[in-house]
Each structure stands twice: as structure tokens, then as C-alpha cells.
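One structure is given below, encoded as C-alpha cells.
Every chain is numbered from 1, with letters handed out A, B, ... down the list of sequences.
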2 protein chains.
Amino acid sequence: MDDTRWLSAAELEVWRTFVTMFGALGEHMDRQLQRDSAMPYTYYEILVVLSHAPDRALRMSELAGLRGSSRSRLSHAVARLEAQGWVERRECPTDKRGSIAVLTDAGFAALEAAAPGHVTTVREAVFDRLTPEQVRALGAISAAILDGIDPDKSLPGCRELG
Amino acid sequence: MDDTRWLSAAELEVWRTFVTMFGALGEHMDRQLQRDSAMPYTYYEILVVLSHAPDRALRMSELAGLRGSSRSRLSHAVARLEAQGWVERRECPTDKRGSIAVLTDAGFAALEAAAPGHVTTVREAVFDRLTPEQVRALGAISAAILDGIDPDKSLPGCRELG
DNA sequence: CGCTGCAAGTTGAGAGCTCAACTAGTAAAG
DNA sequence: CTTTACTAGTTGAGCTCTCAACTTGCAGCG
């Protein structure tokens, strides 16, 4: 029954540190955006993705895919963003089921206002604290873990089939 | 106005990969525990900390400190765990304001039942995917980031003040 | 003792997320 | 053209978390 491969003491310590950092960093980022720009991190990310899209518009499902978010979550989020006037929903001309989310000027302005504070927080909390080597390592480690969870979501360069 | 130190292209890519991994891993861990053991990851962690404490008991504030959780959050969580019969609340004999959370036998049993699946998930998602060197790097990186966010929470070995 | 200030913990409202239905439209097969 | 299967997206209930009060008790000072 118990063929569980438990963690070694060293692994356990790494895991505990990692998990703690995980929670603290997420909270830190979220709190900064909430405080300074009145939006949760998730919504910031939606605005970012939309702002990079052609015409600042994307179909809901594409947006969900790019963000690694569920349809339901995105639907709730966009409803909220629409109520704030940062995003608009339009009908999709080629598929009547579809919905297209468009970043409004107000949304773009909100993003522009929020970005400096956010980036500064990222820099101070992460990049300023790591050596260039560690930054590279973090990228590789993240990609490896991501690849194991959901190969579809991993960035280009994955060459394994299992 | 704009003396923001923006991220370089390389940094941005690391950040995006990291954030995506962040979200995916959290969701992955949470879903596994929710599915197999009917508890969120946060609650699992509470049970773990309690199980390691002397007499499987801790004051609320100590528990909150060890878990890096807010008092409010812990209070809600323990209320839920108490309703499930996994934790009991007792009065603190030395401080009538205080409350002591105690892990029940049922709670311990639930933890024992949940642990193998959880550890296996951690191993498969993280440790099996990284080289020993990457594991060490991850520990160092996590500690460095954690240290920057809240020095109080960082593990022993922090020797900076400024 | 009687204040004032602070710490421990709880509570309730509100926000975001998940999960499981559900609506509506597309696509493929007969 | 109808039936069936599937996809896009939304909705509502329930859960956890945050934030801001609020209650209760401790501690120090007069």
C-alpha cells in the first residue's frame, strides 16, 4: 500500500520554502495592484493580453487559452471588467455563439496607469534579488514544471511525448 | 515621471513563464487535494502544521504565523475544519482571549489519508522534473524572494538588514 | 481601582473562483 | 431537412479569501 516516494529532508525544506514564497509573492503582487490600481492581478493580466492583441480584441476562448484560465472564470471576470468600463463585449460576426472582448480606451488608460507600479514591484520582489544566473535557472525550472503539468501550455521548445 | 525600470525581453519571458507555472501548479495541487481528499490545499497545510505541534495543538496566532496566514483567514478556515470534525477549539488557560486549535483523531486520519496522494503529486509535478542542481537552485531562489517580501518569514540564515 | 492603549480572535459583507448545469449555435451524418 | 454531437459562452450556488469593524481581555499608568 505504501509505496509512496516520500520527500527527503532536503527536498522537504526546499518545498516548504518554495510554498511559502509562492503564497507570499502572490499575496504581495495582488495587494499592490489592488491597493494602487483597484484591480486584482488576474484582471491586470487580462488587460495586458488584450492590449497586445490586434485591435485590442480577442475571442473569449482565445483569451482564456492565452491566460490559462477557465471559460467560466474569464466570463465572470470580463463581466466585472465590462461593468467598470474597461472592456466591451461584441458579437462575433462569423460565429453567433462567440463573443469578442475589446479593451476600451478607459481600460487601456487604466492599464497604463497600473503598469509602472506593477513592474516596479516585480523588479524589486524578484529580479533585483536574483543573480542573472538565478534568473535563467528560474526560467528553466518554471518551464520544466509547467511542461509536466500541462504540455499544451508550455512555451516553445518542448520536445517530449512521454 | 517615467523612471520605471521596465523588464528586458529576456526578463519578461522568464516572468511570463514563471507566472504561468505559478498559476498552473497552484491549480494542479489544489485540484488534486480537492478531488481526492475533499479539502483545499490551505486546509491541508493547516492540518500538517498542527500534526507536527506538541499535543497537536497550537494557538491561533501561532498557527497563523507559521502558515503565513491572516488571523481572519485562519479563523474562517478553522471554523470550517471544526464543522468537519477535524479540528477542535479549546480555551487558552493562560489568556482568556486566546483560542487553541487542536487536531482531532479524525483530522489526523484525514491527513494520513491525504498525504500519499499529495506527496506523489508534488514529486511528479516538481522534483521528478528537476535535476538535483535545479532543486538546490529553487530553494535558494525561493529564499531570496521570500526574504525580500517579508524578512520575518524567511528561514534561518538571513543575515541582511538593509 | 479606573483609565487608555493594545493584542487575540471573530464576524459579516463583498469579491473572485470552481463546479455543474444550462442556452444557443455549429457541424456532421443520415 | 432532421437528428445528434459538439463547441462557445453564460449563469448560479457554494466556497474561500480580504478588508474593515467589532468584542473581549490583557497591561501599564495614574
Do any side-chain atoms of residues 79-87 of chain B form donor-acceptor pairs under 3.5 angstrom with protein atoms, and if so which ones, sequence neighbours left out?
{"residue": "B:E82", "atom": "OE1", "partner": "B:R89", "partner atom": "NE", "Å": "3.1"}
{"residue": "B:E82", "atom": "OE1", "partner": "B:R89", "partner atom": "NH2", "Å": "3.4"}
{"residue": "B:E82", "atom": "OE2", "partner": "B:R89", "partner atom": "N", "Å": "3.3"}

- Message: Can you list everything that forms a side-chain contact (heavy atoms from CB on, under 4.5 Å) with B:R97? Sequence neighbours excluded, please.
- Response: B:D95

- Query: Taking only residues two or more places apart in sequence or in another chain, which ones pass side-chain contact (heavy atoms from CB on, under 4.5 Å) with A:A57?
  - Reply: A:D55, A:I100, A:V102

- May I ask you to decide whether A:E11 forms a salt bridge with A:R5, counting only side-chain N to carboxylate O separations under 4.0 Å? no

Nearest-Å distance, [atom1] ([X]) to [atom2] ([N])?
| X | N | atom1 | atom2 | result |
| --- | --- | --- | --- | --- |
| A:K96 | C:dA27 | NZ | C1' | 15 Å |
| B:R73 | C:dG14 | CZ | C1' | 17 Å |
| B:R59 | C:dA8 | CZ | P | 7 Å |
| A:L81 | C:dG16 | CG | C1' | 12 Å |
| A:E27 | C:dA15 | CD | P | 19 Å |
| A:E82 | C:dA15 | CD | P | 17 Å |

- Message: Go nucleotide by nucleotide along DNA chain C from the 5' end; which of A:D95 and A:Q34 gets its closest nucleotide reached first?
- Response: A:Q34

- Considering heavy-atom distances to DNA chain C, does A:T94 or A:S70 have its closest nucleotide positioned more toward the 5' end? A:S70

- Message: Show the nearest heavy-atom pair for residues B:L50 and B:A101, with the distance to one decimal.
- Response: CD2-O, 3.6 Å

- Message: If you compare all heavy atoms of B:L63 against all heavy atoms of B:L58, which two are closest, and at what distance to 0.1 Å?
- Response: CD1-CD1, 4.0 Å

- Query: Does A:T42 make a side-chain N or O approach to OP1 or OP2 of C:dG16 shorter than 4.0 Å?
  - Reply: no

At a cut-off of 3.5 Å, list every protein nitrogen or oxygen paired with a nitrogen or oxygen from nucleotides 4-7 of chain C, distance to 0.1 Å.
{"residue": "C:dA7", "atom": "N3", "partner": "B:R97", "partner atom": "NH1", "Å": "3.1"}

- Message: Can a donor-acceptor pair be found, under 3.5 Å and without considering hydrogens, that links the side chain of A:R123 to the backbone of A:D128?
- Response: no

- Output yes when a side-chain donor or acceptor of B:S51 lies under 3.5 Å from a complementary backbone atom of B:V48, and no otherwise. yes

For [X], answer base if it contacts any base atom (sugar-phosphate contacts may also be present), sugar-phosphate if it contacts only those atoms, and nothing otherwise; contact means non-hydrogen atoms under 4.0 Å.
| X | answer |
| --- | --- |
| B:Y41 | nothing |
| B:S61 | sugar-phosphate |
| B:R89 | sugar-phosphate |
| B:S75 | base |

- Task: Spell out yes or no: do the side chain of B:H76 and the base of C:dG12 have one donor N/O and one acceptor N/O closer than 3.5 Å?
- Result: yes

- What residues, two or more places apart in sequence or in another chain, satisfy ring pair (Phe, Tyr, Trp, His ring centres under 6.0 Å) together with B:Y44? B:H118

- Message: Below 4.0 Å from chain B heavy atoms, what is the first contacting nucleotide of DNA chain D and what is the last?
- Response: D:dT16 to D:dC26

